[in-house]
Protein chains: 4
Amino acid sequence: MDTSSRTPRRTPTRLRLYAAAGTLIAEQGFSSTTVEEIAARAGVAKGTVYYNFTDKTELFEELLRYGVEQLAAELRQAAEGATVAGAGRVAALERMLRAGLLFADRSPAVVQLYVAEQWRTNRPWQATLHDVRRELLAVFEAVLRDGLAEGEVDQEVDVPLAAANLLGTLLVTALDWRAFQPERPLRDVHSALVRLLRGSVGGHAR
Amino acid sequence: MDTSSRTPRRTPTRLRLYAAAGTLIAEQGFSSTTVEEIAARAGVAKGTVYYNFTDKTELFEELLRYGVEQLAAELRQAAEGATVAGAGRVAALERMLRAGLLFADRSPAVVQLYVAEQWRTNRPWQATLHDVRRELLAVFEAVLRDGLAEGEVDQEVDVPLAAANLLGTLLVTALDWRAFQPERPLRDVHSALVRLLRGSVGGHAR
Amino acid sequence: MDTSSRTPRRTPTRLRLYAAAGTLIAEQGFSSTTVEEIAARAGVAKGTVYYNFTDKTELFEELLRYGVEQLAAELRQAAEGATVAGAGRVAALERMLRAGLLFADRSPAVVQLYVAEQWRTNRPWQATLHDVRRELLAVFEAVLRDGLAEGEVDQEVDVPLAAANLLGTLLVTALDWRAFQPERPLRDVHSALVRLLRGSVGGHAR
Amino acid sequence: MDTSSRTPRRTPTRLRLYAAAGTLIAEQGFSSTTVEEIAARAGVAKGTVYYNFTDKTELFEELLRYGVEQLAAELRQAAEGATVAGAGRVAALERMLRAGLLFADRSPAVVQLYVAEQWRTNRPWQATLHDVRRELLAVFEAVLRDGLAEGEVDQEVDVPLAAANLLGTLLVTALDWRAFQPERPLRDVHSALVRLLRGSVGGHAR
DNA sequence: TATGAATGAGGGTTCATTCAT
DNA sequence: GATGAATGAACCCTCATTCAT
């Protein structure tokens with residue numbers, strides 16, 4: 001009903017601002033990116049940014065939320081795809097890692113932003129970050145927990161710790177891939193990740 | 001080498017400025033931290049910063065170099081310690097991971113700065129970052145290469161990729177530990193890392 | 001006279017805008033009051049303001065004219081009432097003071113605006129202010145002149161000066177009353193004013 | 001001791017900013033006067049304003065305080081001068097009125113600012129205004145109270161009301177004089193004020 | 001008649017940097 | 001070696017105004 005009233009998501013203007021801001025901030029950092037630049041790249045006037053968002057920070061927070069929610073959705077999808085295909089939980093995790101790499105390849109800015117800000121404190125968007133972190137971790141934790149219940153994952157595995165490790169490693173690896181070895185095929189990077197995964201969860205493939 | 005002209009490298013004043021800048025920038029980011037704040041926290045006047053460094057960026061770069069060189073030294077020491085003790089290469093890697101965690105616990109700011117900036121582009125200190133990255137990776141690569149040569153590490157392991165993975169995972173895990181689960185004993189976190197390590201390198205402990 | 005072209009002078013919408021603008025500008029000043037605020041308080045959209053007035057300044061000028069003309073009319077009425085009742089000129093002035101106080105109580109915004117702007121220079125609505133000032137002074141001057149002619153007012157009284165004094169004192173006293181001693185009955189404030197009046201004009205009540 | 005630490009009053013820079021800001025704001029109003037203009041007129045850079053004051057509002061408040069305190073001091077002096085000369089309380093009030101006119105002639109900006117803001121609400125400097133108002137009123141009230149005690153002032157006079165009336169009338173009259181009849185000698189305006197005064201307080205000159 | 005998304009010039013504020021002491 | 005008053009370029013944000021609907 002009043003879906004459009006508060007946050008008219010999908011407004012072309014807002015989406016274009018997300019895209020522009022994402023790229024620029026990922027490259028230069030939040031403070032070094034000016035609102036003017038963002039507006040210019042989005043093809044709108046500076047004032048338009050402020051017509052659509054309270055301020056620069058809010059734009060950033062909504063962008064973060066928007067981007068990470070997409071990532072979470074794709075991870076969830078990958079996990080579900082595995083379930084549907086009758087594959088095991090470890091296989092599901094492998095698919096999630098691949099989905100993560102694909103996402104990072106397509107939307108590096110989001111991953112970049114997330115990693116760069118994740119462990120800072122005293123930042124205005126702390127709360128937002130915490131929210132999206134929880135959402136991402138939840139996806140991994142769910143699969144790990146299922147794997148544990150079904151005996152596919154080692155009993156000693158510490159679910160929260162392993163989830164955080166997998167997520168962190170996935171993101172950092174993806175960034176490293178893009179930044180320093182972009183010529184490598186996804187396959188190689190995925191293999192390396194899967195190796196780590198096997199070590200981490202014990203991986204008694206079914 | 002290109003030792004700063006005017007003053008000796010590490011006066012007490014400079015060290016206090018490193019400490020102040022490190023903490024503040026790790027928390028708030030480079031741009032959001034003002035020279036005034038840094039000076040205040042170091043207990044000197046603003047002008048003093050400019051007496052000791054060319055500009056804010058140079059302060060940051062020297063701080064980065066200073067901090068990461070320390071980390072590299074400790075990693076190297078850990079590896080050497082293993083050699084001296086007659087332990088294998090995988091054991092050396094395990095000690096390095098422990099050393100990394102200890103360092104992060106003691107100097108979180110350095111790790112924070114490094115991770116936050118590592119995958120950005122278009123930043124003024126790109127060159128410095130690249131240098132220190134190389135230095136850190138070199139430590140891991142050396143040990144991995146030895147392990148490979150000695151047959152202790154799986155033949156299929158891709159040394160550069162594995163080194164980057166290990167370093168990235170180590171740092172990210174350390175940050176996550178400090179930020180979100182600081183009550184955990186180092187032992188737990190180290191175990192989880194070792195698990196990943198075994199997966200990664202195959203780990204046929206001698 | 002120079003009736004605005006497009007629309008009839010006093011539509012309900014315009015009157016609501018006057019009321020909204022009057023209150024807000026009296027409280028916050030012209031520049032600190034936004035067109036958006038005015039529109040919101042009047043319950044219309046921002047564009048509507050521009051449909052009804054050329055710009056923000058014109059709205060303010062018309063509001064000023066509208067309000068002060070009302071005050072002038074009430075002062076005139078009070079004077080005439082005295083004449084009809086066969087009272088003297090000093091009594092007429094006393095009635096005018098009462099009428100002024102009543103008006104200020106009812107429409108404080110108008111008085112507020114007038115006083116705050118009256119002695120500024122370099123303001124866009126200078127001309128308008130001068131007009132309405134003349135209109136107000138004329139009412140006092142007429143009565144004073146009659147009183148002088150009829151010997152009821154001291155011969156040494158300087159009519160323009162006395163008129164300006166009476167008007168200024170009336171308005172300032174009214175504002176002070178509302179702002180700082182609103183609990184006082186009108187009667188008290190009126191008495192104090194009448195005292196000043198007697199001093200000013202000599203007041204040989206008939 | 002640390003007089004100079006917090007508020008280094010008398011710093012030429014600050015005084016020049018007071019003078020510049022006073023004139024400009026009196027003419028154009030607070031919002032219509034830019035910090036740039038103020039700095040330019042004071043012969044300093046824009047940043048200097050912010051080095052000396054927190055923000056534009058604080059500059060204005062300190063200016064207000066500074067200016068009105070001067071006025072209060074001169075009023076007090078005038079009253080004391082009368083006491084020393086052995087004149088009565090009504091004579092003291094007359095001297096105060098003259099002192100007020102002289103001050104307004106010399107520093108019209110201060111009076112202007114005070115009157116324009118005095119009866120607004122919802123302004124950031126409300127508290128400051130209230131303070132200085134109290135200070136000014138106190139001077140009048142003291143003399144009136146003495147006059148009452150000594151029988152020189154009518155028993156029915158309401159001291160707070162009369163003080164507010166006298167102050168308001170003085171200031172408004174001074175502004176009117178400067179704005180609309182600057183050719184008039186001070187003597188004329190003073191006479192008119194004294195008339196009002198006599199009416200107000202009864203004035204049984206000794 | 002009325003609306004509200006979009007604009008862009010303008011202004012307050014910040015802060016790295018300089019320099020005279 | 002160190003200081004801190006002063007600077008001014010750069011930037012965030014506001015808001016009067018426009019215009020297509």
Side-chain angles (χ1 to χ4, degrees), chain A residues 8 11-14 30-40 42-59, chain B residues 6-8 11-14 30-40 42-59, chain C residues 6-8 11-14 30-40 42-59, chain D residues 8 11-14 30-40 42-59:
Chain A
T11 299
T13 301
R14 288 173 88 96
F30 178 80
S31 302
S32 306
T33 301
T34 69
V35 172
E36 184 104 49
E37 274 179 299
I38 296 172
V44 300
K46 198 176 5 172
T48 302
V49 173
Y50 290 92
Y51 186 76
N52 283 282
F53 300 93
T54 301
D55 55 20
K56 194 185 171 187
T57 295
E58 203 214 55
L59 162 56
Chain B
R6 283 185 301 203
T7 33
T11 68
T13 302
R14 288 170 89 100
F30 177 80
S31 302
S32 306
T33 302
T34 69
V35 172
E36 182 100 50
E37 271 179 303
I38 295 171
V44 300
K46 201 181 348 180
T48 303
V49 174
Y50 288 88
Y51 183 77
N52 283 281
F53 300 92
T54 303
D55 56 21
K56 192 185 172 190
T57 295
E58 203 214 54
L59 161 56
Chain C
R6 282 187 299 203
T7 34
T11 68
T13 301
R14 287 170 90 101
F30 177 79
S31 301
S32 306
T33 302
T34 69
V35 172
E36 182 100 49
E37 272 180 301
I38 296 171
V44 299
K46 201 180 353 177
T48 303
V49 173
Y50 288 88
Y51 183 76
N52 282 282
F53 300 92
T54 302
D55 55 22
K56 192 185 173 189
T57 296
E58 203 213 56
L59 161 57
Chain D
T11 299
T13 302
R14 287 174 88 96
F30 177 81
S31 303
S32 307
T33 302
T34 69
V35 172
E36 183 105 51
E37 273 179 300
I38 295 171
V44 300
K46 195 164 28 157
T48 303
V49 173
Y50 289 91
Y51 186 76
N52 283 281
F53 300 93
T54 303
D55 55 20
K56 194 186 172 188
T57 295
E58 204 214 54
L59 162 57

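Below, chains carry the letters A, B, ... as their sequence lines are ordered, and counting in each starts from 1. Side-chain atoms are counted along with the backbone in the values below, which use heavy atoms only and exclude waters and symmetry mates.
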Determine whether a donor-acceptor pair (N or O, by modelled atom type, separation under 3.5 Å) exists between the side chain of [X] and the backbone of [Y].
X       : Y       : value
B:Lys46 : B:Glu37 : no
B:Lys56 : B:Thr34 : no
C:Glu58 : C:Asp55 : no

In whole angstrom, give the distance that lies between atom [atom1] of [X] and atom [atom2] of [N].
X       : N      : atom1 : atom2 : value
C:Glu36 : F:dT18 : CD    : C1'   : 14 Å
B:Ile38 : E:dT14 : CD1   : P     : 18 Å
B:Leu59 : E:dT17 : CG    : C1'   : 14 Å
A:Glu37 : F:dA10 : CD    : C1'   : 12 Å
A:Glu58 : F:dC13 : CD    : C1'   : 14 Å
A:Phe53 : E:dA6  : CZ    : P     : 11 Å

Practice task
For A:Thr57 and for C:Thr34, find the nucleotide of DNA chain F with the closest heavy atom, then tell me which residue's nucleotide is more 5'.
Solution key: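 Closer to the 5' end of DNA chain F: A:Thr57.
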
Exercise for the section: Using the closest heavy atom to pick a nucleotide of DNA chain F for each, name whichever of D:Val44 or B:Val44 lands nearer the 5' end. Expected result: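 So the residue in question is B:Val44.
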
Exercise for the section: Decide side-chain contact (heavy atoms from CB on, under 4.5 Å) for B:Tyr51 and B:Thr13; before the verdict, give the C-alpha distance in whole Å, the side-chain angles of both, and the deciding distance to 0.1 Å. Expected result: CA-CA 10 Å; B:Tyr51 183 77; B:Thr13 302; over 6 Å; no

Problem - Dot-bracket summary - DNA chain E, pairs being Watson-Crick or G-U whose distances fall under 3.5 Å, with | when paired to another strand - result: .||||||||||||||||||||

Practice task
Might you point out which heavy atoms bring A:Ser31 and B:Ser32 nearest each other, and give the distance in Å?
Solution key: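 So the two residues come closest at OG-OG, 3.3 Å.
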
Problem - Closest non-hydrogen atom pair, A:Asn52 against A:Arg14 - result: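 Reported closest heavy-atom pair: O-NH1, 2.9 Å.
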
Handout entry: Which nucleotide in F:dA2, F:dA16, E:dC15 has an atom nearest any side-chain atom of C:Lys46
Key =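 In terms of side-chain proximity for C:Lys46, the closest of F:dA2, F:dA16, E:dC15 is F:dA16.
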
Problem - Listed nucleotide nearest any side-chain atom of C:Tyr51, set E:dT17, E:dA2, F:dG1 - result: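 Closest nucleotide to the C:Tyr51 side chain: E:dA2.
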
OP1 or OP2 of [N] versus the side-chain N and O atoms of [X]: is any pair under 4.0 Å?
X       : N      : value
C:Asn52 : E:dT1  : no
D:Tyr50 : E:dT14 : no
C:Thr13 : E:dA2  : yes
A:Lys56 : F:dC12 : yes

Exercise for the section: Using a heavy-atom cut-off of under 4.0 Å over every strand shown, decide if A:Thr33 touches base, sugar-phosphate, or nothing. Expected result: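 The residue A:Thr33 makes sugar-phosphate contact but no base contact.
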
Practice task
Could you check whether C:Thr48 gets within reach of a base, just the sugar-phosphate, or nothing at all, counting any heavy atom under 4.0 Å?
Solution key: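 Touches a base.
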
Exercise for the section: Check D:Leu59, D:Val35, D:Thr48 against D:Phe53 for a side chain to side chain contact (heavy atoms under 4.5 Å, CB included) and give me the one that passes. Expected result: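 Going through the options one by one, the only one that passes is D:Leu59.
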
Exercise for the section: Name the residue closer to the 5' end of DNA chain E, choosing between A:Gly47 and C:Ala45 according to the nucleotide with the nearest heavy atom. Expected result: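 In this pair, the answer is C:Ala45.
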
